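Values below: every heavy atom of this structure, side chains too, minus hydrogens, waters and symmetry copies. This one's a predicted model, so the numbers in the text were calculated from it and none came from an experiment.
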Amino acid sequence: MEEPLCCCEYVDRRGRRNHLAACCCDCEDLDDGCDRWLTCRSLPPGALERIADTVADRLRVPWFSGAVKINVSLVPPLVLLPVFLHVAALHFLLGLIILTSLPVVVLWYYYLTHRRKERTLFFLSLGLFSLGYMYYVFLREVVPRGHVEHSQVVALTCGLILMLAALSRAKKDPGYLPILTGNEKPSHQGLPSKSVRGSSGGLHGISGAASSRAVNGEAKGYCRMSAEQPEGVKKDWCTKCQLVRPARAGHCRLCGRCVRRLDHHCVCCVGEQNHQAFILALSFFMLTSVYGITLTLHTICRGRSPFVALLYCPGAYSDYSSALSFTCVWYCAIVTAGMGYILLIQLLNISYNVTEREARLALRDNTGRRLLGGLVIDTGQYNRGLLCNWGHFLSLGSSPPQRSAEDIV
């Protein structure tokens with residue numbers, strides 16, 4: 001019987017027992033990489049990936065039942081954000097450079113992770129830590145000046161709690177389609193290879209029962225493919241999940257699952273079951289952020305309206321406390337502007353009953369109409385008018401689809 005792990009021991013990715021004190025030992029790839037760098041030689045293919053995997057596996061903290069692995073994507077926000085904001089508070093030009101470069105770096109990281117189809121906790125940790133750190137600066141630097149009432153602090157705290165509660169609900173099941181077990185997986189040996197291509201179209205060639213149960217263009221339940229199925233169902237066959245998707249469902253490449261009424265994937269997969277919570281989280285974030293920015297500007301720029309104070313606040317850099325508060329206000333304003341744009345697009349899409357995924361596909365296939373200066377793409381397929389569209393959205397997830405014998409095609 002093996003001895004239990006002590007607080008500093010762990011089992012590495014190769015299944016070997018290791019110790020935190022030996023984190024710099026037995027790293028041939030890193031040693032070889034350093035030698036090649038010093039001798040100006042190029043690294044062999046895959047060396048950087050192996051070095052990154054080794055570093056990620058050995059980045060751990062002591063714990064009672066053994067050292068716990070730290071997700072590498074959590075580290076940059078926790079370390080770099082406070083450093084950058086404190087440096088930006090030293091001088092106006094430093095603040096301008098850092099606050100201008102931060103969005104560029106975040107967008108570059110977003111492009112890098114999505115191009116590689118990687119799941120990362122970077123954006124979630126960045127958002128949550130930004131909220132926590134802004135709240136900490138507000139309580140430490142702004143509230144002690146005596147211009148913020150206790151009721152205003154309570155209101156801001158309640159908004160923050162409600163936003164986190166809505167985000168917690170949005171992180172739950174977005175409406176994943178059931179994964180077929182090994183005994184249930186269909187056989188399509190008799191099908192031509194072209195009949196199992198995945199796409200985004202509606203169900204075609206599926207008779208009677210499933211299509212007649214569509215509500216506002218969305219089919220309930222899901223359909224399985226069998227060898228006897230006609231070729232017309234090829235547009236909804238998901239080769240990854242081995243099932244036929246109902247209308248408006250899509251396969252999320254980051255989650256690796258098919259999701260009902262898939263909208264998009266950001267910090268979580270947004271689908272039929274959590275779209276309302278996602279909108280609620282964005283709304284609470286906007287209200288809380290704007291309220292916090294207003295209270296801070298009223299404190300450090302007395303006698304000026306929030307909009308004027310954001311652009312012109314004499315004496316903001318007269319002391320370090322005011323400079324840090326003003327820098328955090330600008331950081332919040334940049335993040336709030338980005339979130340406001342996302343919320344605006346979401347509200348417009350709901351008003352036209354179109355998902356972000358359907359809008360992208362319509363642009364790709366040139367089947368949609370650009371409206372409101374291109375802010376929304378109307379596919380015309382599910383649009384039933386403003387009130388009906390919002391009524392349909394507010395009813396999402398109220399009655400989870402039930403599987404029945406009729407759903408098996």
Side-chain angles (χ1 to χ4, degrees), residues 77-78 81-82 84-86 88-89 95 99 102 123-172 267-268 274-344 346-347 350 390 394:
L78 299 179
L81 182 63
F84 283 157
L85 291 178
H86 278 275
L99 293 176
L102 271 179
F123 299 101
L124 180 61
S125 61
L126 177 62
L128 293 178
F129 186 68
S130 295
L131 283 173
Y133 190 71
M134 296 304 105
Y135 187 68
Y136 167 77
V137 171
F138 179 79
L139 294 179
R140 181 181 176 86
E141 306 293 344
V142 179
V143 174
R145 296 175 181 240
H147 300 295
V148 179
E149 300 178 0
H150 292 293
S151 59
Q152 294 173 322
V153 177
V154 170
L156 187 69
T157 305
C158 289
L160 188 62
I161 294 174
L162 290 174
M163 191 279 297
L164 292 176
L167 181 61
S168 175
R169 173 61 187 87
K171 289 286 292 180
K172 295 182 179 179
V267 296
C268 61
N274 65 345
H275 201 169
Q276 296 173 353
F278 178 74
I279 296 297
L280 201 60
L282 282 178
S283 302
F284 278 129
F285 175 85
M286 290 293 299
L287 293 174
T288 305
S289 180
V290 171
Y291 187 56
I293 290 173
T294 302
L295 292 177
T296 304
L297 289 177
H298 276 314
T299 300
I300 63 177
C301 301
R302 304 289 296 172
R304 297 179 182 273
S305 64
F307 182 76
V308 173
L310 187 63
L311 300 176
Y312 179 68
C313 182
Y317 284 85
S318 58
D319 61 275
Y320 188 75
S321 176
S322 299
L324 180 61
S325 302
F326 190 69
T327 302
C328 290
V329 162
W330 259 106
Y331 175 76
C332 286
I334 294 173
V335 175
T336 303
M339 293 298 178
Y341 176 78
I342 295 175
L343 179 60
L344 174 63
Q346 286 288 310
L347 296 179
I350 294 170
W390 272 96
L394 295 176

Which pair of non-hydrogen atoms, one from Met339 and one from Phe285, has the smallest distance, and what is that distance?
CG-CE2, 3.5 Å
Considering all heavy atoms of both residues, which atom of Val329 and which atom of Ile293 are nearest to each other, and what is their separation?
CG1-CG2, 3.9 Å
Could you state the interatomic distance from CD1 (Ile350) to CG (Leu394), rounded to the nearest 0.5 Å?
8.0 Å
Decide side-chain contact (heavy atoms from CB on, under 4.5 Å) for Thr157 and Tyr135; before the verdict, give the C-alpha distance in whole Å, the side-chain angles of both, and the deciding distance to 0.1 Å.
CA-CA 9 Å; Thr157 305; Tyr135 187 68; 2.6 Å; yes
Closest heavy-atom pair, Asn274 versus Lys172, reported as atoms and distance to 0.1 Å, is ND2-O, 3.9 Å
Rounding to 0.5 Å, atoms OH (Tyr291) and OG1 (Thr296) come to a distance of 11.0 Å
Which side chain to side chain donor-acceptor pair (under 3.5 Å) pairs, counting each pair once, include a residue from residues 316-329, with sequence neighbours left out?
His86-Tyr320, Glu141-Ser321, Arg145-Ser321, Arg145-Ser322, Asp319-Ser322
Applying side-chain contact (heavy atoms from CB on, under 4.5 Å) to Val143 and Val153, what does each step give before you reach the verdict?
CA-CA 8 Å; Val143 174; Val153 177; 4.0 Å; yes
Side chain to side chain, Arg169 and Leu280, heavy atoms closer than 4.5 Å
no
Indicate yes or no: at least one non-hydrogen side-chain atom of Ile342 is less than 4.5 angstrom from one of Leu282.
yes
Can you name the nearest heavy-atom pair linking Ala170 to Cys268, along with the distance?
O-SG, 3.4 Å
Got a second to check how far Leu156's CG is from Thr294's OG1, nearest 0.5 Å?
10.5 Å
Nearest heavy-atom approach of Cys313 to Phe326 is CB-CE1, 3.8 Å
Does any part of the side chain of Ile334, heavy atoms only, come nearer than 4.5 Å to the side chain of Leu99, both counted from C-beta?
yes
How far does CG of Leu126 sit from CG of Leu78, to the nearest 0.5 angstrom?
9.5 Å
Taking only residues two or more places apart in sequence, or in another chain, which ones meet Cys332 in a disulfide bond (SG atoms under 2.5 Å apart)?
none
Are Leu81 and Tyr331 close enough that some pair of their side-chain heavy atoms sits under 4.5 Å apart?
yes
Are there more than 12 heavy atoms of other residues, nucleotides or ligands under 6.0 Å from atom OH of Tyr341?
no
Do Gln346 and Ser283 have side-chain heavy atoms sitting under 4.5 Å apart?
no
Nearest-0.5 Å distance that lies between atom CH2 in Trp390 and atom CG in Leu347
5.0 Å
Assign the ring pair His275 / Phe278 to parallel, tilted or perpendicular, where the plane angle (0 to 90°) is split at 30° and 60°.
tilted
Would you please test Met134 and Leu85 for side-chain contact (heavy atoms from CB on, under 4.5 Å) and show each step?
CA-CA 10 Å; Met134 296 304 105; Leu85 291 178; 3.4 Å; yes
For the pair Leu128 and Leu167, evaluate side-chain contact (heavy atoms from CB on, under 4.5 Å) and give the outcome as yes or no after the intermediate values.
CA-CA 10 Å; Leu128 293 178; Leu167 181 61; 3.7 Å; yes
Which pair of non-hydrogen atoms, one from Pro82 and one from Pro77, has the smallest distance, and what is that distance?
CD-O, 3.7 Å
Can you tell me how far the OG atom of Ser305 sits from the NE2 atom of His298, to the nearest 0.5 Å?
8.0 Å
